[in-house]
Amino acid sequence: MALLPLAYYKRMAIISLQLCLALFVGTNGETYFNTAALVSCVQNFPKSRGPVVGILKGFAGLSGAILTQIYLMINFPNESSLIFMVAVGPTIVVIALMFIVRPVGGHKQVKPSDNSSFFFTYSVCLILAIYLLAVLVIEDLVDVSQAIITLFAVILILLILLPVIIPIRLVFFSGPRPPAEDSLLSEAQKQEACKSEQDVNEIILSEVEDEKPPEVDSLPASERQKRIAHLQAKLFQAAAEGAVRRRKGPRRGEDFTLMQALRKADFWLIFFSLVLASGSGLTVIDNFGQICESLGYNDTTKYVSMISVWNFLGRVGGGYFSELVIRKYAYPRPVTMAVVQVIMAIGLFYYSMGWPGEIYVLTVLIGLGYGAHWAIVPASASELFGLKSFGALYNFLSLANPVGSLIFSGVIASGIYDYYAELQAGLSHQNSEAILAIPLRDDDLTCLGTICYSITFGILSGLCLVATVLSLIVVYRTKRVYANLYGNSNS
């Protein structure tokens, strides 16, 4: 084979460098936007962290499908126009809103209408997901005209803008502040005034956990309460004399720096649980097109779009149900993470067994489970390790995605797929002398059948169960923290 001229290789090297630079700027830019929006909104709504994170992460997951529909409406003639739209459009929005998105002391603005406002936003999210799913199916089955595509996109934009009704109504159409709302504000101000006293009490509670002998937990309930009360009394007296001081940094539920959080077992349990479960879900999503092809589906875009919609619903639903669990039962939020990890394990096991409709079961359960993680984990991290360094904590936990994908997708899934692809190619060679004469490249190898991913998903199903155990350990270790954070509000 003749060698190509040196200028060709130089040009390809320059193009590769430009592509790497574009990917670097793009992915890091997305992280900055993501962090700014999450940190600001969690600080503004500290009492509704689950719903806020779920809604924000849900729209982030659905943004690709939304931008695709807008692009189809504008109907640019080439792909470079799409790249230009994606590059310029979000930048204009960010520049226009960057002076508005900021912490505004949301804990001082508690309103009785907050629940109905979140319910309205959730309803819009659900309608939006159903609408997008219907549009994708219609566009796949029917050859629609440009006018219909434009109508679809206009309705989509109106649905996205619908939640803006809430702040407009509260600012311009709300009457005078009712007395009940004033009492909520005054109560919040009183709580802030005695914050130092509460801090002392929190220190006392955490010191009780440190100083309590291990055998106390095995005593009868009455004797255990008596011993703990005696220890509390001693610590309160020591606090009055200035003798209680922190020996190990902040306690769970207080503000941690990243380095302080990295010294805590709870943080690493959450991280490794996320690596196993989120990495498994991302492996499915990354290889979903190839999974569909191995099962004989020619048009894979429909299924890829479907898993994106279920991913959106998982993020929104994960935030809602995790908030319901802690508000109603004061139970640790990571318990919902354990539940969705079991759901993911079921979906992966179902596929590995090759049962009927495996692609649909996989689409629904993995989409929901993977999406729910990115609503539950950020909210849990903010509760256990505080809001002061929430951006750094969240972005460190986000490293679980590439770590899991690198191991599970880059090593396990691709290795098993290539093995069976080569095995099937070898069998084809034995049955055809014509094929024997043509050497196959790795790019030409294709695996067909459930076997291509059944072993991989069986392994990932087991890893999701291990992640469930790690999440339940976090639940056990943080029950007292969540009882202190949310127990009083439920009583």
Looking only at heavy atoms, which two atoms of [X] and [Y] are closest? And how far apart?
X: A345; Y: C464; result: CB-CB, 3.9 Å
X: Y453; Y: S294; result: CD1-OG, 4.3 Å
X: C447; Y: Y420; result: SG-CB, 3.7 Å
X: F271; Y: A400; result: CE1-N, 3.7 Å
X: A372; Y: V340; result: CB-CG1, 3.7 Å
X: Q424; Y: T446; result: OE1-O, 3.7 Å

Are side-chain heavy atoms of [X] and [Y] found at a separation under 4.5 Å?
X: M344; Y: T468; answer: no
X: R477; Y: L269; answer: yes
X: L470; Y: L472; answer: no
X: W268; Y: L262; answer: yes
X: F118; Y: I55; answer: yes
X: R315; Y: F59; answer: no
X: N395; Y: T35; answer: yes
X: R49; Y: V52; answer: no

The single option from I166, I165, L162 passing side chain to side chain contact (heavy atoms under 4.5 Å, CB included) against T121: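 Per the side chain to side chain contact (heavy atoms under 4.5 Å, CB included) rule, the option paired with T121 is I166, out of I166, I165, L162.
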
Only one of V364, I359, T363, N311 passes side chain to side chain contact (heavy atoms under 4.5 Å, CB included) with M306; say which it is.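 For M306, the side chain to side chain contact (heavy atoms under 4.5 Å, CB included) test succeeds with only one of V364, I359, T363, N311, which is T363.
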
Separation of [Y] [atom2] from [X] [atom1] (nearest 0.5 Å):
X: S382; Y: L393; atom1: OG; atom2: CG; answer: 9.5 Å
X: I285; Y: S308; atom1: CD1; atom2: OG; answer: 7.5 Å
X: L126; Y: L128; atom1: CG; atom2: CG; answer: 9.5 Å
X: L399; Y: Y394; atom1: CG; atom2: OH; answer: 11.0 Å
X: C452; Y: D418; atom1: SG; atom2: CG; answer: 10.5 Å
X: Q290; Y: S414; atom1: CD; atom2: OG; answer: 9.0 Å

Check the pair N287 / Y417 against side chain to side chain donor-acceptor pair (under 3.5 Å), numbers first and verdict last. CA-CA 11 Å; N287 295 277; Y417 180 91; over 6 Å; no

Taking the six-membered ring for Trp, are the ring centroids of [X] and [Y] within less than 6.0 Å of each other?
X: F312; Y: W374; answer: no
X: F349; Y: F457; answer: no
X: Y482; Y: Y331; answer: no

Are T283 and F288 close enough, and set up right, to give a side chain to side chain contact (heavy atoms under 4.5 Å, CB included), and what steps lead you there? CA-CA 8 Å; T283 297; F288 205 69; over 6 Å; no

Assess the residue pair D255 and S389 against the criterion (side chain to side chain donor-acceptor pair (under 3.5 Å)); give the C-alpha distance rounded to whole Å, side-chain angles, the decisive distance to 0.1 Å, and a yes or no. CA-CA 7 Å; D255 287 329; S389 301; over 6 Å; no

Contacts table for residues 318-326: side-chain donor-acceptor under 3.5 angstrom, sequence neighbours left out:
residue : atom : partner : partner atom : Å
S322    : OG   : G318    : O            : 2.8
S322    : OG   : G319    : O            : 3.1
S322    : OG   : R333    : NH1          : 2.9
E323    : OE1  : G50     : N            : 3.0
E323    : OE1  : R333    : NH1          : 3.1
E323    : OE1  : R333    : NH2          : 3.0
E323    : OE2  : R327    : NE           : 3.1
E323    : OE2  : R327    : NH2          : 3.4

Check: D266/T478 side-chain N/O donor and acceptor closer than 3.5 Å: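 Their side chains do not contain a donor-acceptor pair, so the 3.5 Å distance test is not met.
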
So, does Q260 use its side chain to make a donor-acceptor pair with the main chain of T257 at under 3.5 Å?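 Yes; at least one donor-acceptor contact below 3.5 Å.
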
side-chain hydrogen bond (donor to acceptor under 3.5 Å, both in side chains) partners of D286, counting only residues at least two apart: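 D286 satisfies side-chain hydrogen bond (donor to acceptor under 3.5 Å, both in side chains) with S405 only.
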
Start with the C-alpha distance between L397 and F267, add both sets of side-chain angles, then the distance that settles side chain to side chain contact (heavy atoms under 4.5 Å, CB included), and finish with yes or no. CA-CA 9 Å; L397 289 171; F267 188 83; 3.9 Å; yes

Could you check L56 against C41 for side chain to side chain contact (heavy atoms under 4.5 Å, CB included), going step by step and ending with a plain yes or no? CA-CA 9 Å; L56 289 175; C41 289; 3.7 Å; yes

Can you list the steps and then say if Y370 with N401 is a side chain to side chain donor-acceptor pair (under 3.5 Å)? CA-CA 11 Å; Y370 174 79; N401 249 1; 2.9 Å; yes

Set out, in order, the CA-CA distance, both residues' side-chain angles and the distance that settles side chain to side chain donor-acceptor pair (under 3.5 Å) for S273 and Q341, then state yes or no. CA-CA 9 Å; S273 175; Q341 286 164 350; 2.8 Å; yes

Excluding sequence neighbours, so at least two apart, what forms side chain to side chain contact (heavy atoms under 4.5 Å, CB included) with V142?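 Side chain to side chain contact (heavy atoms under 4.5 Å, CB included) check on V142 returns V144.
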
Under the side chain to side chain contact (heavy atoms under 4.5 Å, CB included) criterion, do V411 and L406 qualify, and how do the steps go? CA-CA 7 Å; V411 178; L406 179 65; 5.9 Å; no

